[in-house]
Structures are given as structure tokens and as C-alpha cells.
Asks: 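The structure under discussion is supplied below as C-alpha cells; questions concerning it will follow.
Ligands are counted one by one from 1 in listed order, and the atoms in each one are counted from 1 as well.
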Amino acid sequence: MMGPPGSGKGTQAKKIAVQYGYTHLSTGDLLRGLAGKTDLTTEESQALETIKHGNLVPDELIYKLVFHKIEDSIRAGQGVVLDGAVRTVEQAQSFNQFFVDNNLNQEVLVLEITLTNEEALRRLSGRRVCARCGEIVPLSMAVDSCQKCNGELIVRADDDAEVIKLRIRKQGNKAMAPVIDFYRQLGILKTVDGVQSIEEVERSIAKILEISN
Ligand code: AMP
């Protein structure tokens, strides 16, 4: 699952995981989850600082966090939704090699949710997330607590105005174009218009997955 920050890839990835019984693996969530660890390695503490500033963490850490989880899930007979796991061409190549090594390369589909950088900026400025379950609450939803688990709603540290701009510069459409091209050339890219409502995006994705399955 690919798309600029704010495109709704996390929201849709969770929905797909529930609907198809897949494991949802968000590298952003896995990285934020490191904050709860007591014995952080230097690499992990540095990554937490990196996230705060909207920069990309080193590729090797991404592989360490996610490859073994994919293997565990596949071994248990469960598919995987990778949410934001690939953000550079180097990562795309390494994931590809990983899929080839694990005989999974025929099984991969890349879903891109498109959104202009302007709309991404608007959505990220003012959205809240549940501190307990990570549910994303858009600006338009005037609620005081998480509608899923009643948890407290907070603003993510990297949803700060300056950091949002940096994230869009580093992870927005221009930065991601070479990665998208990589997948287009492989013939495994499907694109969904992310400016639609959450339900419409969900329906568009469902159509693509029905055809591909
Ligand atoms: P997200 O929750 O998807 O917005 O990700 C939050 C942050 O985690 C990003 O702004 C990056 O700092 C970091 N991150 C997540 N996935 C990756 C990745 N594949 N490569 C590098 N950094 C990542």
C-alpha cells in the first residue's frame, strides 16, 4: 500500500486486513511502537528522532522490523498488507529480492492511493489519532474520544506544521515518483483516486482486489 502522507493508506490497509484476514504491517506503527521499548538500541533511538523530524529511517531498520514478520505471517498461512513499507527505490528493490527469495513475487500487488500534496497538507493539519488503538480521526470528525475504543485523541508528534511540510517533501508525490515507476514497469501497480470519500476509496480497492484474486 503506497501513497503520500495523508492519502488514507493506513485507514484502507486496516480495512483490507480485516476483510481478507491479512496481517496489517505498518512500518510507521512499528517504528512508533519502539517508543514503548525499555532497551532501545542506538539505531532504534536514532530512528525515533528521525521520525519526529519527518525524515526517512535507514533501510536496514525497515528490513529488520518487517521481513521476519512477513515470513511469520506467510508461514501461518496469512497474507500481509504492507502499509508504507516501501518509500525508496532501494527499498523497493530489496523487498522485491525478498519476495523472489521467498517465492512470493507472483503474489504481490501494489496499490497506490493518489492525492495532491495540497490536499495531503490540508488533511494532515488537524487530524487526530487515538493514543490507544491508532485509529485516525479526520479533521471533519468532531468527536472527543475514539469511536472504536474510547481512547484519548492526540495529535501525532510528526503532524506538526513544519514536520508535515518536510514529510510531504520527502515522502510526497515527487519523491515517490521513481518508486511508483518501478512498480509500473513491473506491471503490478494499481491506482486509486484518494480524493474520494473513505467509503468510495474502499469500494475502488475492493473492485481491484476482486479482479486480481
Ligand atoms: P507513517 O505512519 O506511515 O506516516 O510513517 C511515519 C514515519 O515513519 C515516516 O514519516 C518515516 O519517518 C518513518 N517510516 C515509515 N515507513 C518508512 C520506510 N519504509 N522507510 C523509511 N522511513 C519510514
Asks: When the ring centroid of Phe98 is compared with that of Tyr63, is the distance short of 6.0 Å?
Replies: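 Ring-ring flag for Phe98/Tyr63: false, centres at least 6.0 Å apart.
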
Asks: Got a second to check how far Leu109's CG is from Ile211's CD1, nearest 0.5 Å?
Replies: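 Leu109 CG to Ile211 CD1: 10.5 Å, rounded to 0.5 Å.
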
Asks: Check Asp158 with Lys52, please: is the shortest side-chain N to carboxylate O separation under 4.0 Å?
Replies: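 Salt bridge flag = no for Asp158 with Lys52.
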
Asks: Can Glu112 and Lys190 be counted as an ion pair, charged N to O under 4.0 angstrom?
Replies: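 Here Glu112 does not pair with Lys190 in a salt bridge, since their nearest N and O are not under 4.0 Å apart.
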
Asks: Are the charged groups of Asp72 and Lys69 less than 4.0 angstrom apart, N to O?
Replies: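 No, Asp72 and Lys69 are not salt-bridged.
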
Asks: Heavy atoms, side chains only, cut-off 4.5 Å: are Leu153 and Cys130 in contact?
Replies: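 Leu153 vs Cys130: side chains touch.
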
Asks: Return a table of N or O atom pairs, ligand 1 on one side and protein on the other, at distances under 3.5 Å, rounded to 0.1 Å.
Replies:
{"from": "ligand 1", "atom 1": "2 (O)", "to": "Arg32", "atom 2": "NH1", "distance (Å)": "3.0"}
{"from": "ligand 1", "atom 1": "2 (O)", "to": "Arg32", "atom 2": "NH2", "distance (Å)": "2.8"}
{"from": "ligand 1", "atom 1": "2 (O)", "to": "Arg156", "atom 2": "NH1", "distance (Å)": "3.4"}
{"from": "ligand 1", "atom 1": "2 (O)", "to": "Arg156", "atom 2": "NH2", "distance (Å)": "3.4"}
{"from": "ligand 1", "atom 1": "3 (O)", "to": "Arg87", "atom 2": "NH2", "distance (Å)": "2.5"}
{"from": "ligand 1", "atom 1": "4 (O)", "to": "Arg156", "atom 2": "NH2", "distance (Å)": "3.0"}
{"from": "ligand 1", "atom 1": "10 (O)", "to": "Gln171", "atom 2": "NE2", "distance (Å)": "2.9"}
{"from": "ligand 1", "atom 1": "12 (O)", "to": "Asn55", "atom 2": "O", "distance (Å)": "2.6"}
{"from": "ligand 1", "atom 1": "16 (N)", "to": "Thr27", "atom 2": "OG1", "distance (Å)": "2.8"}
{"from": "ligand 1", "atom 1": "16 (N)", "to": "Gly84", "atom 2": "O", "distance (Å)": "3.3"}
{"from": "ligand 1", "atom 1": "16 (N)", "to": "Arg87", "atom 2": "NE", "distance (Å)": "3.1"}
{"from": "ligand 1", "atom 1": "16 (N)", "to": "Arg87", "atom 2": "NH2", "distance (Å)": "3.2"}
{"from": "ligand 1", "atom 1": "19 (N)", "to": "Gly84", "atom 2": "O", "distance (Å)": "3.2"}
{"from": "ligand 1", "atom 1": "19 (N)", "to": "Ala85", "atom 2": "O", "distance (Å)": "2.9"}
{"from": "ligand 1", "atom 1": "19 (N)", "to": "Gln91", "atom 2": "OE1", "distance (Å)": "3.0"}
{"from": "ligand 1", "atom 1": "20 (N)", "to": "Gln91", "atom 2": "NE2", "distance (Å)": "2.9"}
{"from": "ligand 1", "atom 1": "22 (N)", "to": "Val57", "atom 2": "N", "distance (Å)": "3.1"}

